[in-house]
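Beneath this line is the structure, given in structure tokens, with notes to follow.
Both counts, for ligands and for their atoms, begin at 1 and track the order of listing. For clarity, every value in this text was computed on a predicted model and none was experimentally measured.
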Amino acid sequence: MQFEFYDTLQREIVSFNPIEAKRAGLYSCGPTVYDYAHIGNLRTYLFVDILKRTLSAGGYTVKHVMNITDVGHLVSDGDTGEDKMEKGSRLAKQSAWEIAKRFESHFFEDLDHLNIIHPEIICRATEHIAEQIEYIVDLERKGFTYINDDGVYFDTSKIDQYGYLARLNVEGLQAGKRVSYVQKRNITDFALWKFSGATTRQMEWHSPWGIGFPGWHIECSAMAEKYLGPLFDIHVGGEDHIPVHHSNEIAQTQGRHGTQLANYWMHGYFLQIDNEKVAKSGKSLTLATVIEAGFDPLSYRYLVLTAHYRSRLNFSWSSITAAQNTLKKLRKMLGNWEHGGVVDTAYVKKFHDFIDIDLNTPRALALMWDMLGGTLPTSVKRANVIYSDQIFGLQLDRLEKTDEVIPEHILTIAEERKAIRQEKDWATSDILRDKISELGFVIEDEKEGYTVRKK
Ligand code: AMP
Ligand code: ZN
């Protein structure tokens, strides 16, 4: 399988060529655990999950690393404002450390609800302070830093083509520079280490520059490098990370190693709610709220699959209701169809034509529904859907979770009856039909097989 993905760095769909054959090193920026993740955040993790499943289906061994930002970065991208962890701690009246643990476990519950495969390596910023300090020491030695009253800063003017990922117009930004309380040399410079100063902080560490805490961007460069090396295959995150966070991760790695950190940079587009921007401090919705409203969380997964990851998706109660109904319909169909069919190779090929070229889940879903409306035997239709579900991840092979379930003992009688009908033993076939009926189910014969449903 030759994958093609949209690379934000090159601004086009390109062939994916891994560093090592059949292996993919993948880093995704993880959650900041000062609050619940919102369903917008979860859309990005679903996109990463589809990417991983696609690579795995193509025979790749994926090493997926994700960080947990459990040390406060600041509420603005510009290194100003209140520290997010300290703010979460103040609001919840718990320590910053407790807040981090609490929201990290909520986050993993959300992933499980959405059937998102966990990363192979999960790394917390607070557990990698030494690596971050070592990184900054190296950048300092190589001449990429300066110190001001606020902390140790990265001098972005030392990097050729700083901000290329975002096609930043640094000169234009510089001209529009407003006075800020930190004395930055260039508007795009950012903190590597912040001094605690007079503020008492719950999370702070000793460093060669004094007591303080790491800047937001350094944790990703330091941990990605530790687990995947200074140049790996794919780095992913949400589209908001393009102009600041990922541009800075690249700058740090260019400074330390002269590499662009990852060969391919992929970004998931934002979810909107009722056509408004989603933010933790604004219009927001958690998965728990969606579940409390009576939705199967996998309906949200289905909804996300209906949009290409590089298009904005709008969430509304009516769109998730439609997704839930469609998913129910699919489950109901599958529950009635016999197991053991063999996939149709023509379908599988078309499916991969959509998925392997930049993860086109909406086209792949449409293909599946077309196939379901066609004339293939139901057992083959079922096998095709289950095949597609390795990528879709809707747990369609676990129908016992739904109320549409057909118990195993009914299916056994149905299978027995099917075999008997092939031998044209109509009398026994009728006896078995009555037996199924007595047990509360109806069996209907079709050209190829049968369907069973509850009375
Ligand atoms: P955060 O916890 O704020 O660091 O965000 C975690 C991930 O969610 C990042 O990859 C963000 O880019 C992504 N993200 C934030 N808001 C949205 C949104 N509305 N839709 C999709 N992804 C988002
Ligand atoms: Zn990151």
Any N/O of T32 closer than 3.5 Å to an N/O of ligand 1?
-> yes
Geometric class of the Y227/H128 ring pair [parallel <30°, tilted 30-60°, perpendicular >60°] = perpendicular
Is the cationic atom of R201 (NZ for Lys, CZ for Arg) positioned less than 6.0 Å from the six-membered ring centroid of F213 and within 45 degrees of its normal?
-> yes
For ligand 1, which atoms, with element, lie under 4.0 Å from some heavy atom of L271?
-> 18 (C), 19 (N), 20 (N), 21 (C)
T44: numbered ligand 1 atoms lying under 4.0 Å from its heavy atoms = 10 (O), 13 (C), 21 (C), 22 (N), 23 (C)
Chi angles and distances behind the side-chain contact (heavy atoms from CB on, under 4.5 Å) call for T378, M333 | CA-CA 9 Å; T378 50; M333 275 182 171; over 6 Å; no
Is H246 close enough to the Zn ion (ligand 2) to have an N, O or S atom under 2.8 Å?
-> no
Geometric cation-pi criterion, R310 with Y6: 6.0 Å, 45° | yes
Distance-only polar pair, side chains of E140 and W209, donor-acceptor under 3.5 Å | yes
Using distance alone, decide if ligand 1 has a nitrogen or oxygen within less than 3.5 Å of any nitrogen or oxygen in G40.
-> yes
Does the ring of Y146 carry R185 above it, NZ/CZ under 6.0 angstrom from centre and within 45° of its axis?
-> yes
Atoms in ligand 1 with a heavy atom of D240 nearer than 4.0 Å | 11 (C), 12 (O)
Ligand 1 N/O within reach of N41 N/O, cut-off under 3.5 Å | yes
For P31 and ligand 1, answer yes if some heavy atom of the residue is under 4.0 Å from a ligand atom, otherwise no.
-> yes
Counting backbone and side chain alike, does H245 bring an N/O/S atom below 2.8 Å of the Zn ion (ligand 2)?
-> yes
Of all the heavy atoms in H38, does at least one lie under 4.0 Å from an atom in ligand 1?
-> yes
So how far is it from F154 CZ to F144 CZ, rounded to the nearest 0.5 Å?
-> 6.0 Å
In terms of the angle between their ring planes, are H257 and Y135 parallel, tilted or perpendicular, with boundaries placed at 30° and 60°?
-> perpendicular
Could R167 and Y164 be counted as a cation-pi pair, given that NZ or CZ must be under 6.0 Å from the ring centre and within 45° of the axis?
-> yes
Quick check: does Y45 get an N/O under 3.5 Å from an N/O on ligand 1?
-> no
At a 4.0 Å threshold, what atoms of ligand 1 neighbour a non-hydrogen atom of G238?
-> 10 (O), 12 (O)
Please name the atom of E249, restricted to N, O or S, that is closest to the Zn ion (ligand 2).
-> OE2
At the Zn ion (ligand 2), what angle lies between atom SG of C29 and atom SG of C220, rounded to 10 degrees?
-> 130°
Short N-O contact, D49 and R53, less than 4.0 angstrom = yes
Region of H241 that comes within reach of ligand 1 [heavy atoms, distance under 4.0 Å] = side chain
